[in-house]
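Computed from a prediction, not measured in an experiment: that's the story for all the values here.
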Amino acid sequence: MTDTATTPASPATRNDGPALPPPVPGEKHDIDSFGGRLTYWSAAPAEPSYEPPLLLIHSINAAGSAYEVRPIFTHYATRRPVYAVELPGFGHSSRAKRQYTIRMMTDAIHSVVAEIQKAHPGQKIDALALSLGSEFLARAASETPAAFRSLALVAPTGFDKRNQRWTRGSRAIPWLHSFFENPLWSEGIFKALTAKPVIAWFLKKAFGSPNIDQGMLDYDYLTTHQPGAQHAPYYFVSGFLFSQDILRIYQDLPMPVWFSHGVRGDFVDYGFKSTVEGRPNWTVTVFQTGAMPHFEVPAEFMRAYDEFLARVTGPSGATL
């Protein structure tokens, strides 16, 4: 089912949480999935576009939402169909108290890809993901490579030299999750971690600078104060959503891949980047920014992505 998101949801529908407005300017779609109600957003230019659809996937953290891809969404919606998913436990998707897993996040991407394919039969998809979202996108693309024309991984996790075990499974620490979800303090800890000054502190670490995006700070506060907002983040901080074998999956991707990252902040450990550099289907771009180059240098970011996509399609428009 679909509905057009033109006004914020009322507080009454949010069980007394603050109203959460749309993260991007587009149409809201709700579908059923293994992870419960799954929300994605879409927009397209007024005139028909011959460019393939673009799927955007946010990162995973306490405040993950499609707002993180807003500059990319608004830029490309003027020239091609664009979709942004909010993964289970985040944004407008279901935040039920349940187990959040790598499989659930990967299947959420499969579900949205299937919806996009219904709307654009016969077309392959370009997909872009941020940070840990890159791991889920890469896994989905490795399972259904025919669905994807290209991948873009922005500040992807999994290239650091810590905890690389090359085996299947997650990096889960069950006792840590049990500690966080103790009903005596579960909501209290999350409330402390998502106070606005604390969110601003985390954003400064991600941007590697005090010059953070104010709109993101405001939206992060709202999205972390929705009922059930703590459940998926607690699985994140307990390691359940990190894959031990992701580096192997990255290396085996057959389609063109754009890997971009910044050099400032806490997310600059790409010690295993050399495992994909030089591969014929991989392009690596380094921005003099933090982990959100599309917010800091949007024009430079879009230009670099466009250059990559131009090489994917080739001068005649045929996919390379």
Side-chain angles (χ1 to χ4, degrees), residues 9 11-20 23 33-39 58-68 85-108 130-133 135-136 157-158 160 162-163 165 167-206 216-246 266-267 291:
T13 64
R14 290 283 163 185
N15 298 323
D16 298 325
L20 187 63
S33 74
F34 174 67
R37 187 191 71 257
L38 186 66
T39 297
H58 61 83
S59 72
I60 301 293
N61 52 71
S65 78
Y67 191 94
E68 295 177 345
V85 63
E86 295 195 292
L87 295 171
F90 296 95
H92 293 74
S93 292
S94 172
R95 303 200 193 202
K97 185 176 182 180
R98 57 171 301 167
Q99 187 176 23
Y100 290 88
T101 65
I102 295 165
R103 183 73 265 157
M104 180 191 291
M105 299 299 178
T106 304
D107 285 347
L130 309 182
S131 192
L132 182 54
E135 296 194 19
F136 310 136
T157 56
D160 59 285
R162 298 169 294 177
N163 301 316
R165 301 173 188 169
T167 57
R168 293 182 182 273
S170 73
R171 303 180 188 178
I173 307 173
W175 68 262
L176 184 58
H177 178 263
S178 297
F179 169 81
F180 280 124
E181 278 286 20
N182 188 307
L184 294 177
W185 52 68
S186 174
E187 292 190 11
I189 290 177
F190 195 73
K191 184 177 180 180
L193 290 174
T194 56
K196 211 162 192 180
V198 179
I199 294 174
W201 182 78
F202 279 113
L203 285 176
K204 289 174 184 177
K205 291 168 72 67
M216 181 179 290
L217 173 59
D218 294 339
Y219 199 89
D220 284 358
Y221 179 81
L222 291 177
T223 196
T224 54
H225 286 73
Q226 303 303 304
Q230 76 273 24
H231 298 312
Y234 280 161
Y235 276 97
F236 160 68
V237 298
S238 303
F240 282 80
L241 299 179
F242 290 89
S243 301
Q244 295 186 124
D245 62 341
I246 193 60
D266 279 14
F267 306 100

Just wondering, do Phe136 and Ser243 contact through their side chains at under 4.5 Å, heavy atoms? no
Apply side chain to side chain donor-acceptor pair (under 3.5 Å) to Asn61 and list each qualifying residue two or more places apart in sequence or on a separate chain. Ser59, Glu68
Spatial distance of atom CD1 (Ile199) from atom OG1 (Thr224) [nearest 0.5 Å]: 4.0 Å
Scanning both residues in full, the closest heavy-atom pair of Phe90 with Pro233 reads CE2-CG, 4.0 Å
Can you list everything that forms a side chain to side chain donor-acceptor pair (under 3.5 Å) with Ser186? Sequence neighbours excluded, please. Glu181
Do Ser93 and Glu86 have side-chain N/O donor and acceptor atoms under 3.5 Å apart? no
Got a second to check how far Thr194's OG1 is from Leu222's CG, nearest 0.5 Å? 11.5 Å
Approximate separation, where rounding is to 0.5 Å, of Ile173 CD1 and Ser178 OG: 11.5 Å
Mind listing the closest non-hydrogen atom pair of His92 and Leu20 along with its distance? NE2-O, 3.0 Å
Validation row: Gln230, Glu187 side chains within 4.5 angstrom (heavy atoms): yes
Less than 4.5 Å apart, side chain to side chain, heavy atoms only: is that true for Tyr100 and Leu87? no
So do the side chains of Arg95 and Thr223 get within less than 4.5 Å of each other, counting heavy atoms only? yes
Nearest 0.5 angstrom please: Tyr67 OH to Asp218 CG, how far? 7.5 Å
If I take atom CZ from residue Phe179 and atom CG from residue Leu184, how far apart are they, to the nearest 0.5 angstrom? 10.5 Å
Starting from the C-alpha separation in whole Å, work towards a yes-or-no answer on side chain to side chain contact (heavy atoms under 4.5 Å, CB included) for Ile102 and Phe242. CA-CA 7 Å; Ile102 295 165; Phe242 290 89; 6.0 Å; no
Quick test of your reading of the model: are Lys196 and Asp220 salt-bridged, counting only N-O distances below 4.0 Å? no
Heavy atoms only: give me the nearest Pro88-Met105 pair and the separation to one decimal. O-CE, 3.2 Å
Under the side chain to side chain contact (heavy atoms under 4.5 Å, CB included) rule, what do Tyr234 and Phe190 come out as? Steps first, then yes or no, please. CA-CA 9 Å; Tyr234 280 161; Phe190 195 73; 3.4 Å; yes
Fit a plane to each ring of Phe240 and Tyr235, take the angle between them on a 0 to 90° scale, and name the class: parallel (under 30°), tilted (30 to 60°) or perpendicular (over 60°). perpendicular
Starting at CZ of Phe180, measure out to NE2 of His177 and round the result to the nearest 0.5 Å. 9.5 Å
